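In this text the structure is predicted, and so the values were computed from the model without any measurement. Each residue takes its place number in the sequence, starting with 1.
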Amino acid sequence: MTHELLKISTPTGRWSGIGPYYAMFPREFAFDVVEKYSEVGQSILDPFAGRATSIYAAASLKRHGYGIEINPVGWLYGRVKLNPAPQKKLLARNHQIAKIANSVLIDELISLPEFFSFCYTQNVLRYLIAARRTLSWKHSYIDATMMALILINLHGKRESSLSNQMRQGKAMHPDYSIRWWQERDMSPPDIDPVEFMQNRIKWRYAKGIPELEKSKIVLGDSTLKLKQLVREIQTGKRQPFNLLFTSPPYYKITNYYYDQWLRLWMLGGHQHPIYTGEKWKGRFESMVKYTQLLSNIFHNCSKIMANNAVVYIRTDARKFTFETTKNLLEKTFPKCSMQILPSPFKKETQTALYGDKECKPGEVDIILYL
C-alpha cells in the first residue's frame, strides 16, 4: 500500500523525491519502517534528518514527525516537502527574479571564479545571482520553495539542469570540473532560466501537493536542539516520541559541506569549496569525536522516548562504526531487547559512484524495543 503512495503519478510520490542528496534513506525503506514500527497519530523523531525522508514518511502516513538537520541544503529540502508554497506564488516569484536578473551587471559575473563561466551561461548566472540575492529562504515558505526547486536543478545532467554536465548529488571540485569540460570542449547549455524553472515548477505541481500530517524539521545542531526537546517534554509542552528512526553519519565517509559547496554557495555561502572547521560539520576523522557525538545524541534521545517506544538505527556495517553504534545503544538503553538486521548492498553504492572504491560490507539495522 505504501509503495503505491510513492509512485510518481501521485502527489506524495512526486514530492517525496525532492532534493538530490548524498546518502539518502531509500524512500520505500523509510515508509516501510514508519508503517511497521509506529501507529497512526504517534510521534517520530529523526535527529539526523538529512533531506527528511523519515519525517516525510511519517507525515504521509498520518504520524507526527520531528526532524533536526544541521546542513541547510537538506533542511531546505525537508521543509519544502512538508509545506510547499502554492504554485501561483512560485510562478510569480520566478518572474520577479527574472526582472531583478536584468539589473545584474557584467562586473558581478566576471568577479566570480572562472568555474562559474564554465558552468553557466551569463543569462543563467544572472538569474542565479538575482535569486541568491533576493530569496529569503530561511523565513518565507514561498522563497524556501522557490530556492529548493532551484537547488534541485542547480547542477546535473547537461540540458536537464541549469549547469554544464555535472553529477546531481555532489558538486565536483572547480579545477577538476574545468579540466573535464575543456578536454571535451563542453560549454554550458544555452537555457532560458525563467522558462526552464517555470516548466520545472509546473511539473512538480502537476499532480497537486500531498496531504500530510503536521510535522516539522528544524535547522541546527542536534546536540543542542535535543536538549530543548528534553525541556519541553519535562515541562509537559510536548509528548514523548514513540519511534526514534535515524541514520547517524558514518565514520570517515564523506564531508557533506564540501560535497554540497555549490548549493551552499547558492544559499549565500563561499564561492569555492572549503572544509569547514565548525563542530559536527566536517568529515568524521576522529574516533573520539565520532563516539562523543553518538553518545550525546543517544543519551538525550533516551530522555524523550515514550514507554514501549522503538529505536530503529541504520548504520554502517564496517567494524568501528557498527560496534561503536551498537555499544553506545546498549549502554544507553541497557534493559532493552536488541535485534540486528544485516542489509548488504545489492548494487554499487553512492560512495563508490563518488570515487570511494573501498570494499564495503553494507549497512546494518539495529532495532531496540523499550
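By the neighbour-count criterion of 12 heavy atoms within 6.0 Å, atom CD of Q228 is densely surrounded, having more than that number from other residues, nucleotides or ligands. Within a 6.0 Å radius of NE2 in H272, more than 12 heavy atoms belonging to other residues, nucleotides or ligands are found. No more than 12 heavy atoms of other residues, nucleotides or ligands lie within 6.0 Å of CG in D190, so this atom counts as exposed by the packing criterion. Shown here is E211, whose CD atom has no more than 12 heavy atoms of other residues, nucleotides or ligands within 6.0 Å.
Side-chain contact check for Q168 versus K157: every heavy-atom pair is 4.5 Å or farther apart. Contact of the V104 side chain with the L125 side chain is not registered, since no non-hydrogen atoms from C-beta on lie closer than 4.5 Å.
In terms of the salt bridge (Lys or Arg N to Asp or Glu O under 4.0 Å) criterion, residue partners of E108 (sequence neighbours excluded) are, by chain and number, R133. Contacts of N94 classified as side-chain hydrogen bond (donor to acceptor under 3.5 Å, both in side chains), with partners at least two apart in sequence or in another chain: Y127. For D365, the side-chain contact (heavy atoms from CB on, under 4.5 Å) partners at least two apart in sequence or on another chain are F29, Y312, R314, L341.
Here the CZ atom belonging to R126 is positioned 9.5 Å from the OG atom belonging to S103, to the nearest 0.5 angstrom. Note: E4 CD to S9 OG = 8.0 Å, rounded to the nearest 0.5 Å. Distance CG/L45 to CZ/F245: 12.0 Å, rounded to 0.5 Å. Atoms CG and CD, on D192 and Q198 in that order, are 9.0 Å from each other to the nearest 0.5 Å.
Ring orientation note: the planes of Y205 and W15 are nearly perpendicular, at an angle over 60° on the 30°/60° scale.
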Exercise. Given the rule in the side chain to side chain contact (heavy atoms under 4.5 Å, CB included) test, do Y77 and R263 qualify, once you have shown the distances and angles that lead to the verdict?
Worked result: CA-CA 12 Å; Y77 291 153; R263 290 190 170 102; 3.3 Å; yes

Exercise. For K237 and E232, what are the C-alpha separation, side-chain angles and deciding distance, and is it a salt bridge (charged side-chain N to carboxylate O under 4.0 Å, His left out)?
Worked result: CA-CA 5 Å; K237 294 180 180 178; E232 289 178 15; over 6 Å; no

For this session: List the steps, then state whether side chain to side chain contact (heavy atoms under 4.5 Å, CB included) holds for M166 with W181.
Result: CA-CA 10 Å; M166 195 186 297; W181 293 326; 3.9 Å; yes

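No salt bridge links R179 with E183; every basic N to acidic carboxylate O contact stays at or beyond 4.0 Å.
Between the side chains of T246 and D46, at least one donor-acceptor pair of N or O atoms lies under 3.5 Å. Using modelled atom types and a 3.5 Å distance limit, the side chains of R27 and T53 yield no donor-acceptor pair. For the 3.5 Å distance criterion, the side chains of R167 and H155 fail to qualify, holding no donor opposite an acceptor.
For K81 and Y56, the positive end sits near the middle of the six-membered ring, less than 6.0 Å away and at most 45° from its axis.
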